[in-house]
There are 2 protein chains.
Amino acid sequence: MARTAGSHSDITGPRIRTAALRLFAQSGFAAVSMRQIAGEVGVQVGALYNYTPDKQTLLFALMDEHMQSLLSAWEEEPKGDTPKARLEAFARFHIRFNLERAEAVFISYMELRNLTPENFLAIEAQRRRYETALEEILSDGVAAGAFTISDPKVASLAIIAMLTGVNTWYRAGGRLSLDQVQTLYWDMVRQMVGAD
Amino acid sequence: MARTAGSHSDITGPRIRTAALRLFAQSGFAAVSMRQIAGEVGVQVGALYNYTPDKQTLLFALMDEHMQSLLSAWEEEPKGDTPKARLEAFARFHIRFNLERAEAVFISYMELRNLTPENFLAIEAQRRRYETALEEILSDGVAAGAFTISDPKVASLAIIAMLTGVNTWYRAGGRLSLDQVQTLYWDMVRQMVGAD
DNA sequence: CTTTTATCTGAACGTCTGTTCAGATAACCT
DNA sequence: AGGTTATCTGAACAGACGTTCAGATAAAAG
């Protein structure tokens with residue numbers, strides 16, 4: 001047999017990425033076989049290699065796609081005009097965006113060690129750009145006398161770790177709504193940086 | 001050939017656990033083979049099965065050992081007599097202990113999905129005990145009027161995520177000493193909970 | 001309608017996987 | 001010194017792994 005009815009690269013391509021994302025997040029990159037991914041898509045293994053040169057590149061593509069959409073989504077996010085407003089926007093954005101893409105967030109953090117050195121550097125550079133965006137908000141706030149923090153660099157890492165932690169426990173339909181969680185965390189961040 | 005000169009279970013056992021810890025942390029549970037572990041110890045694969053019934057149990061043993069030593073180390077840690085003092089002790093303890101055992105911390109978080117359901121529950125229960133210890137400090141502080149936080153449960157998760165995040169960037173010999181990092185984070189936690 | 005091209009199958013490849021076990025030998029016990 | 005036991009080797013098992021590729025066929029192009 002050969003090409004199947006209704007086979008299209010613009011359909012199979014996304015389905016492969018979706019299946020890989022789900023499986024990698026669930027079981028880990030190394031524990032997922034190409035045959036499993038193919039099975040989820042409903043295709044034979046060999047077909048995957050029309051869409052990726054190898055397994056490792058497939059992983060990188062997922063991470064890269066995620067980091068790029070994170071960065072561009074933040075750039076398009078409406079920002080406040082004071083450091084405090086910008087910090088609130090960042091906190092709320094980070095929680096919402098990460099909860100919407102929990103699988104990609106999980107993978108982009110957990111599977112870094114499965115990247116080749118150059119691919120690792122590419123992802124890390126994007127992550128640093130995002131961290132720097134927060135660090136600049138904090139530095140601006142300190143310069144303007146709005147925040148009282150002694151080390152904006154460390155504070156930015158602390159805030160991001162704290163906000164990303166929501167992903168480990170939040171479940172839709174639980175005790176708290178997304179908006180309640182965002183408000184709770186913004187309150188904590190606000191107090192932490194000493195904003196009024 | 002057979003038993004080698006100087007072979008002892010009280011030597012090989014710990015060496016297997018140490019090697020497994022290092023390799024699992026470096027490459028991930030699924031990516032590490034029993035032969036790799038054996039090679040690191042300087043022994044043939046079959047010998048490992050004198051020390052663990054299977055690979056999965058070896059992983060669980062490492063995690064369980066880590067969680068138990070975390071819990072008992074915290075119990076033996078000198079506590080303050082006020083909520084604020086106890087919170088400071090917790091923050092400093094958490095950072096120090098986690099940095100001292102970075103590999104075990106990493107594994108105990110990353111490899112949860114490679115555990116069998118019952119082993120997963122066992123580790124999760126220990127983690128929850130630890131989280132509850134912090135939550136109680138926060139609740140006590142709120143009751144005593146020392147802290148201003150609206151949700152101690154969420155705040156405990158936020159603080160732990162924030163403190164654990166130190167492991168992702170701190171390197172001994174870098175810009176900041178351990179003590180400086182502990183002080184920086186304690187300042188942030190203190191402001192976050194609204195302690196004076 | 002015919003030709004070209006994109007897409008997929010099915011089978012194969014060499015290698016690696018976790019685990020088992022009979023046999024060998026060092027270490028311990030009496 | 002001799003017997004027992006704990007520890008390790010070396011080989012084997014069946015199955016899974018990532019990747020390749022010739023051949024088949026649906027879809028697109030002319």
Side-chain angles (χ1 to χ4, degrees), chain A residues 1-24 26-63 107 111 113-117 119, chain B residues 1-24 26-63 107 111 113-117 119:
Chain A
M1 301 171 201
R3 185 170 188 172
T4 60
S7 67
H8 287 289
S9 77
D10 49 349
I11 293 181
T12 309
R15 288 189 60 194
I16 288 175
R17 284 192 290 276
T18 302
L21 192 73
R22 214 183 60 78
L23 290 171
F24 287 165
Q26 189 174 81
S27 312
F29 173 74
V32 173
S33 72
M34 294 299 269
R35 273 165 250 261
Q36 267 180 278
I37 299 172
E40 182 109 342
V41 176
V43 99
Q44 296 298 315
V45 213
L48 300 187
Y49 290 85
N50 290 325
Y51 300 92
T52 183
D54 49 48
K55 192 187 177 190
Q56 142 87 214
T57 305
L58 175 56
L59 173 64
F60 174 70
L62 293 175
M63 289 183 164
I107 288 176
E111 307 294 354
R113 59 190 171 187
N114 286 303
L115 294 176
T116 61
N119 282 349
Chain B
M1 302 174 202
R3 186 169 188 174
T4 60
S7 67
H8 288 287
S9 77
D10 48 348
I11 293 179
T12 308
R15 289 190 59 194
I16 288 175
R17 284 193 290 277
T18 302
L21 193 73
R22 214 183 61 78
L23 290 170
F24 288 165
Q26 187 175 83
S27 312
F29 174 75
V32 173
S33 72
M34 293 299 269
R35 272 166 251 261
Q36 266 179 278
I37 299 172
E40 183 111 341
V41 176
V43 102
Q44 296 298 315
V45 213
L48 301 186
Y49 290 85
N50 289 325
Y51 301 92
T52 181
D54 48 48
K55 192 186 177 189
Q56 143 85 217
T57 304
L58 175 56
L59 173 63
F60 174 70
L62 293 174
M63 290 182 161
I107 288 176
E111 306 295 353
R113 57 190 172 187
N114 286 302
L115 295 176
T116 60
N119 283 348

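Every chain is numbered from 1, with letters handed out A, B, ... down the list of sequences.
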Exercise. Between A/Gln44 (CD) and C/dA12 (P), how many Å, whole number?
Worked result: 14 Å
For this session: Rounded to the nearest angstrom, tell me the gap between atom CG in A/Leu48 and atom P in D/dT20.
Result: 12 Å
Exercise. If you pin B/Ala31 and B/Thr4 to their nearest nucleotides in DNA chain C, which one's is more 5'?
Worked result: B/Ala31
Problem set entry | Rounded distance (Å) that lies between atom C1' of D/dG18 and atom CZ of A/Phe29 | 10 Å
Problem set entry | Contacting residues from residues 49-58 of chain A, given that a heavy atom lies under 4.0 angstrom of DNA chain D | A/Tyr49, A/Asp54, A/Lys55
Seminar exercise, completed: Ranking B/Val32 and A/Gly42 by the position along DNA chain C of their nearest nucleotide, the one closer to 5' is A/Gly42
For this session: Using only side-chain N and O atoms of B/Ser33, determine if any of them is under 4.0 Å from OP1 or OP2 of C/dT17.
Result: yes
Exercise. Has the side chain of A/Gln44 got a donor or acceptor atom that lies under 3.5 Å from a matching backbone atom of A/Ala38?
Worked result: no
For this session: Please examine the side chains of A/Phe24 and A/Ile37, heavy atoms only from C-beta on, and report whether any two atoms are closer than 4.5 Å.
Result: yes
Problem set entry | Length of the CG-C1' vector between A/Leu59 and D/dG18, whole Å | 15 Å
For this session: Let me know the distance between CG of A/Asp10 and C1' of D/dA28, rounded to the nearest Å.
Result: 13 Å
Problem set entry | Side chain of A/Val43 (C-beta onward), nearest among C/dT9, D/dC8, D/dC17 | C/dT9
For this session: Ignoring backbone atoms, test whether B/Thr12 places a side-chain nitrogen or oxygen under 4.0 Å from the OP1 or OP2 oxygen of D/dC8.
Result: yes
Problem set entry | Between C1' of D/dG18 and CG of A/Asn114, the distance in whole Å | 14 Å
For this session: Using atom CE of B/Met34 as one end and atom C1' of C/dT15 as the other, report the distance to the nearest whole Å.
Result: 19 Å
Exercise. Would you say the side chain of B/Ile107 lies within less than 4.5 Å of the side chain of B/Leu59, judging by non-hydrogen atoms?
Worked result: yes
Exercise. Taking A/Glu40 for the side chain and A/Ala19 for the main chain, is one N or O donor matched with an acceptor at less than 3.5 Å?
Worked result: no
Problem set entry | Atom pair OG1/CZ of A/Thr12 and A/Arg17 - distance to nearest 0.5 Å | 10.5 Å
Exercise. CD1 of B/Ile11 versus C1' of D/dT7: gap in Å, rounded?
Worked result: 12 Å
Problem set entry | Non-hydrogen side-chain atoms of A/Thr52 and A/Ile16 separated by less than 4.5 Å | no
For this session: Output all residues satisfying side-chain contact (heavy atoms from CB on, under 4.5 Å) with B/Ser33, sequence neighbours left out; order by chain, then residue number.
Result: B/Arg35, B/Gln36
For this session: Would you indicate which nucleotide in D/dG18, D/dC8, C/dT9 comes nearest to any side-chain atom of A/Arg35?
Result: D/dG18
